[in-house]
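Okay, so here's the structure we're looking at.
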Amino acid sequence: SRLWPQRAQLLKHLAGRSVEASFTGSMTDRGDDYEYSPPSELPDGVQKEVLRKGAAEPWRKPKTGDEVTVHYVGTLEGGEQFDSSRDRGEPIKFTLGQGEVIRGWDLGIPTMAKGELARFVIQPEFAYGEAGQAPAIPPSAVLVFEVELIGWVSKDDLFGDAGCIKSLIQEGQETWVHPEKGGEINLSLKVVAQDGRVIQESPAFDYDVGSHSLGAPSRVVEKALLGMSKGERCELLCAKDYVFQDSDYGKVTIELELHDIYSTSDVSLLKDRTVIKKIVAEGEGHERPQDMFAVRLRVEAATDGLNPLPGFSGPKDVEFNCGAGEVCDALEGAAASMKRKERAVITCTAPWKVEDAKLGLGKVSSAKVFLTVEMLDFTKGRELWSLSDEDKVELAMMRKEVGGQLFRARRFELALAKYDKVVEAIGSHDSFKPELKQRAIEAKRLVELNRAACYLQIHNPTGALSSCNKVLKEDRNNVKALFRRAKAHHARGEHVEAQQDLERVLELDAANSEAKALMPHVKRARRDADKASKGTFAKMCEGLGRMGPGRLEQPEEEPRPREPEEPEQRPDVVQVTFKIEYKPSDGEVVHIVGEPEELGHWDTSKAVRMRKLPQPYVPPVGSGRAPPEYHHWEAVMELHQDLGRFEYQYVIKGPSGERQEEGSRHKCDLTGMGGSRVKCTDSWRHAGA
């Protein structure tokens, strides 16, 4: 006979609502101390015997919050059956860890795999306690359940506030691979109101994770995406007003399907994310072109995202040697990372890096350029490991010559990459013969000097400083290294160190015209800095003077017992100086906007106004030409180090409206910088720059 023909009655029976208050295993009387978590081992009061293993994936098991579906047969210890879902011909569903069933089930079922059949012997303290559940369950009864786990719907509380519950509808492939912030994916989205109205629907579209460009659903969708895998389908059940504030949508359901996770990588030569490669078709094998390999690449399309770029008529097959500067920087960086038959879309936010006569692209005015390319083939050269020591040095010298040609052609980024290949070719020279070892050391020294020159050209004085220090560590009187380090110090605002290096240069080479020309500028900058410091010190003294002598004439008080001081903590605030050079038109003012709230959270109406610095003194030159003009803007702010890595851009506001940078965003990292100062010296980024 059916003791509990209705599911509600069954759950009530299994929950044991009439159990004594001392028993914490039921839903209504489990007490505030009941916290469910799937155990690694079952307690002594719950014994499990596996009757049939699961069909597949034994490591996948349900967790708290999941809705499980089971068949079961329940008997007393003596074998008398008191309930069976199989007799009713319908399995039951319930949510794990919510006290909807006896505690023995909440503990035992999370140990099962899909399709598994197990027998559980459950002691009274994990079932219905001393009171039992009349009329079927006698007091202090030991229960035996034969349970089959048919399946479950995985559910996750995404924000821990029950406002958005994610339900897994279809599991994806490669469940260990998830989208990352900054990556690109392809997904379908449908947002449905409680009454069935479709609020928003977008089938199969490309999306940049972290862009928050989906409107109101962005927050919950972004959170869900970070845990999804390719091919996965899920539903997000959102509470009223959780997604759309003050709307009549009621509870909102968001249906998501993640079709693809594109493999993206930064293939720019400086790794500054100005050239991003997105793989749309995987290549063959594992080999990729190395330096000076002969490459045949097909450029299928060149667009601004909508329209073809003027001058390009494709597809075009381009043949070149990797790293020789025969094609634009965007293709150089992309080709070195591609396999045979690989297809990819190259996104470039520095359009000058795609200007290439072979592609028919002259001056490119678009803010962003998209190239669709395919690696047709490449011819392998000799592998580095197969070269003799003499061949390695000859290869390094050849690469150094190519780097010099690239420098003279103002291909500074590619020249830097080529100089890296010089060091790679030589590797460790400890085992070289003495004469060959000396040539290798000399080649590395010249490379570091050339790297310093490249860094200065691309406005990276810190990189130049590092290269010069490597040379001076071995040769402290190297004039070129001292002079280039002086220029790096000067660019970093370290005028004392710059003057010391220039003085040393003139000691070693009194006729050095470059050092003589730079010295007056460094001295002038140092005087200006000293003057500013003196002004600050004078204000401090003036403030102390306003305190008056009376404070010194106060009678001494009896010393009070000192209270124990709290340990000094490191400040969390960083003083950040933003600086940029920009020549404004009449009425224009430079502002800065960015991700932190202090920078307006990308709201240009809240952008921070910058201060235009006065024109620095520049000594007259003998030719009679007018001194150069400088237009420096500065903003000094105190930001919390917890902001970590953030992005920002500059905005021009004037009588004709506002204009924002069109190139890639600037970046600043404050992680662990509390109590210090950070200077961000930037150049204006715009289309074609």
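Values below: every heavy atom of this structure, side chains too, minus hydrogens, waters and symmetry copies.
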Cut-off 3.5 Å, side chains only: do [X] and [Y] have a donor facing an acceptor?
| X | Y | value |
| --- | --- | --- |
| Thr462 | Arg492 | yes |
| Glu661 | Gln649 | no |
| Glu658 | Thr604 | yes |

Quick one: does [X]'s side chain get under 4.5 Å of [Y]'s, heavy atoms only?
| X | Y | result |
| --- | --- | --- |
| Val593 | Asp603 | no |
| Met228 | Leu187 | no |
| Val345 | Tyr262 | no |
| Arg527 | Lys531 | no |
| Leu226 | His178 | no |
| Val354 | Leu359 | no |
| Cys164 | Lys223 | no |
| Cys680 | Val576 | yes |

Lys/Arg N to Asp/Glu carboxylate O, [X] vs [Y], below 4.0 Å:
| X | Y | value |
| --- | --- | --- |
| Asp272 | Lys353 | yes |
| Glu232 | Lys166 | yes |
| Asp501 | Lys487 | no |
| Arg659 | Glu588 | yes |
| Asp248 | Arg197 | yes |

Once you round to the nearest 0.5 Å, how far does [atom1] of [X] lie from [atom2] of [Y]?
| X | Y | atom1 | atom2 | value |
| --- | --- | --- | --- | --- |
| Tyr242 | Arg219 | OH | CZ | 4.5 Å |
| Ile254 | Lys190 | CD1 | NZ | 13.0 Å |
| Lys516 | Leu502 | NZ | CG | 13.0 Å |
| Cys468 | Glu448 | SG | CD | 9.0 Å |
| Leu639 | Asp572 | CG | CG | 12.5 Å |
| Leu225 | Ile185 | CG | CD1 | 4.5 Å |

Test item: [X] side-chain N/O and [Y] main-chain N/O as donor-acceptor pair under 3.5 Å:
| X | Y | result |
| --- | --- | --- |
| Ser188 | Ala204 | yes |
| Gln245 | Asp241 | yes |
| Lys271 | Asp266 | yes |
| Asp356 | Val327 | no |
| Glu634 | Leu613 | no |
| Lys612 | His631 | no |
| Arg411 | Gly325 | yes |
| Asp156 | Leu158 | no |
| Thr303 | Gly305 | yes |
| Glu355 | Lys363 | no |

Within 45 degrees of the ring normal and closer than 6.0 Å to the centroid, is that where the cationic atom of Arg410 sits relative to Trp352?
no
Decide side-chain contact (heavy atoms from CB on, under 4.5 Å) for Glu503 and Met519; before the verdict, give the C-alpha distance in whole Å, the side-chain angles of both, and the deciding distance to 0.1 Å.
CA-CA 8 Å; Glu503 289 171 350; Met519 181 67 86; 3.7 Å; yes
Verify the ring-centre separation between His495 and His490: is it less than 6.0 angstrom?
yes
If I compare all heavy atoms of [X] with all of [Y], which pair ends up nearest, and what's the gap?
| X | Y | value |
| --- | --- | --- |
| Val275 | Ile346 | CG1-CG2, 3.5 Å |
| Ala162 | Asp157 | N-OD2, 2.8 Å |
| Ala464 | Ala452 | CB-O, 3.6 Å |
| Trp684 | Val651 | CZ3-N, 4.3 Å |
| Leu309 | Ser366 | CD2-OG, 3.6 Å |
| Pro584 | Trp633 | CG-CZ2, 3.6 Å |

Determine, step by step, whether Val590 and Ile652 satisfy the side-chain contact (heavy atoms from CB on, under 4.5 Å) criterion, reporting the C-alpha distance in whole Å, the side-chain angles of both residues, the deciding distance to 0.1 Å, and the verdict.
CA-CA 5 Å; Val590 182; Ile652 305 299; 3.6 Å; yes
For side-chain contact (heavy atoms from CB on, under 4.5 Å), just list the numbers for Glu180 and Val209, CA-CA rounded to whole Å, side-chain angles, deciding distance to a tenth of an Å, and then say yes or no.
CA-CA 7 Å; Glu180 296 180 355; Val209 181; over 6 Å; no
Please determine whether the number of non-hydrogen atoms from other residues, nucleotides or ligands lying under 6.0 Å from atom [atom1] of [X] exceeds 12.
| X | atom1 | answer |
| --- | --- | --- |
| Lys368 | NZ | no |
| Lys606 | NZ | no |
| Asp642 | CG | yes |
| Lys181 | NZ | no |

Evaluate side-chain contact (heavy atoms from CB on, under 4.5 Å) for Tyr249 paired with Val191, printing each intermediate quantity in order.
CA-CA 10 Å; Tyr249 296 138; Val191 185; over 6 Å; no
Hey, what's the ring geometry for Tyr648 with His666, parallel, tilted or perpendicular (30° and 60° as the breaks)?
parallel
